[in-house]
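Values below: all heavy atoms of this structure, side chains included; hydrogens, waters and symmetry mates excluded.
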Amino acid sequence: MYSSPITEFSSKDENKGTLELLCFPDPKLRQKSTDISFENESPDDIKELAEDMAIVMSQLGGIGLAAPQINIHKKMIVVDTSPGENNLHCFINPKIIDREGRVTTNERCLSVPDMEIPITRSRKIRLQFDDMHGKRHVKNYEDLMAICIQHEVDHLDGKIIIDFIAS
């Protein structure tokens, strides 16, 4: 239902649709995402979306990607802050339920190429999310992993790094 692997621009499979990485100022980046329903979506489609997102993220050299960045407005993010070590995390319907500490880092975004912006975020977060089987988890993350998760969760709410310029 979602796609085959894609690249920065787009790719086509004869049996599937075309997906593309949305880049600023595309207004679709501002759309809010909806929850993934494990009752209404097939497990194969959910898995395929996660795999596609991981491939796109890897191909473009990113450490995180949110489904809205490839024009799928569902609440799913993938994160791998240690490329080369195959430490991929998939978070479905993620919700930050607690925050602690502050840290400012220079962030980049695949959807806002050629821009690096200093952003202050929470150093530690407590995240509630579903796994690929619909099982609910609550876990703590800190440092780069926490920063990346916050960045990707922003995408689910239609927020991108340029929104931090004025703040």
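Minimum heavy-atom separation, Leu88 to Ala54: CD2-CB, 3.5 Å. Between Ile36 and Lys75, the shortest heavy-atom contact is CD1-O, 3.8 Å. Scanning all heavy atoms of the two residues, the minimum distance from Ile125 to Ala146 falls at CG1-CB, 3.9 Å. A pairwise comparison of heavy atoms in Val79 and Cys148 identifies CG1-SG, 3.7 Å as the closest pair. Heavy-atom minimum distance, Asp131 versus Ile92: O-CD1, 3.6 Å. Between Leu110 and Cys23, the shortest heavy-atom distance links the atoms O-SG, 4.0 Å.
With Asp163 contributing its side chain and Ile160 its backbone, the two residues share a donor-acceptor pair below 3.5 Å. Side-chain atoms of Asp157 do not come within 3.5 Å of backbone N or O of Lys159 as any donor-acceptor pair. Judged by distance alone, the side chain of Ser111 and the main-chain N or O of Phe24 form no donor-acceptor pair under 3.5 Å. Side chain of Arg108 to main chain of Glu116: no donor-acceptor pair is present (N/O by atom type, distance under 3.5 Å, no hydrogens or angles). Side-chain N or O atoms of Gln150 include one that pairs as donor or acceptor with a backbone N or O of Ser122 at under 3.5 Å. A donor-acceptor distance shorter than 3.5 angstrom exists from the side chain of Glu152 to the backbone of Ala66, with no hydrogens or angles considered. Not one N or O on the side chain of Asp98 forms a donor-acceptor pair closer than 3.5 Å with the backbone of Arg126.
For the pair Arg123/Ile147, no side-chain contact is recorded, criterion being any heavy-atom separation below 4.5 Å from C-beta on. Using a 4.5 Å heavy-atom cutoff, the side chains of Ile119 and Thr104 are not in contact. The shortest distance between side-chain heavy atoms of Ile70 and Leu65 falls below 4.5 Å. At a threshold of 4.5 Å between non-hydrogen side-chain atoms, the residues Pro68 and Leu22 do not count as touching. Using a 4.5 Å heavy-atom cutoff, the side chains of Arg121 and Arg99 are not in contact. Contact check for Cys90 versus Met132: side-chain heavy atoms found under the 4.5 Å cut-off. Side-chain contact between Asn93 and Phe38: present, with at least one pair of heavy atoms (C-beta onward) separated by less than 4.5 Å. A 4.5 Å side-chain heavy-atom check between Arg136 and Asp130 finds at least one atom pair inside the cut-off.
Applying the side-chain hydrogen bond (donor to acceptor under 3.5 Å, both in side chains) test to Arg102 and every residue at least two apart in sequence or in another chain returns nothing. With sequence neighbours left out, Asp114 forms a side-chain hydrogen bond (donor to acceptor under 3.5 Å, both in side chains) with no residue at all.
In this structure, NE2 in His151 is found 10.0 Å from OG1 in Thr105, a value given to the nearest 0.5 Å. Note that the NZ atom of Lys124 and the CD atom of Glu100 stand 4.5 Å from one another [nearest 0.5 Å]. The CD1 atom of Ile55 sits 11.5 Å away from the CG atom of Leu60 when rounded to the nearest 0.5 Å. Between atom CE of residue Met76 and atom CD of residue Glu41 there is a gap of 8.0 Å, rounded to the nearest 0.5 Å. Between Asn106 atom CG and Ile161 atom CD1 the span is 10.0 Å, to the nearest 0.5 Å. Note that CD1 of Ile46 and NE2 of His133 are 10.5 Å apart. Values are rounded to the nearest 0.5 Å.
No side-chain donor from either of His137 and Gln128 sits under 3.5 Å from a side-chain acceptor of the other. A donor atom on one side chain and an acceptor atom on the other are not found under 3.5 Å apart for Asn87 and Asp80. Side-chain atoms of Asn71 and His73 include a donor-acceptor pair closer than 3.5 Å.
A single hydrophobic cluster is seen to contain both Ile77 and Tyr141, as judged by linkage of ILVMFWY side chains at heavy-atom distances under 4.5 Å, directly or through other members. Tracing side-chain contacts under 4.5 Å through hydrophobic residues (I, L, V, M, F, W, Y), one never reaches Val153 starting from Val112; they form parts of separate clusters. Cluster membership for Leu127 and Leu144, using ILVMFWY side-chain heavy atoms within less than 4.5 angstrom, is not shared. The hydrophobic clustering, which links ILVMFWY residues whose side-chain heavy atoms are closer than 4.5 Å, places Ile63 and Met145 apart. Hydrophobic clustering (side-chain heavy atoms under 4.5 Å, transitive across Ile, Leu, Val, Met, Phe, Trp, Tyr) groups Leu49 together with Val56.
We find that Lys74 and Asp45 are not joined by a salt bridge, their nearest charged nitrogen and carboxylate oxygen being 4.0 Å or further apart.
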side-chain contact (heavy atoms from CB on, under 4.5 Å) between Cys109 and His155, worked out = CA-CA 10 Å; Cys109 180; His155 278 295; 3.4 Å; yes

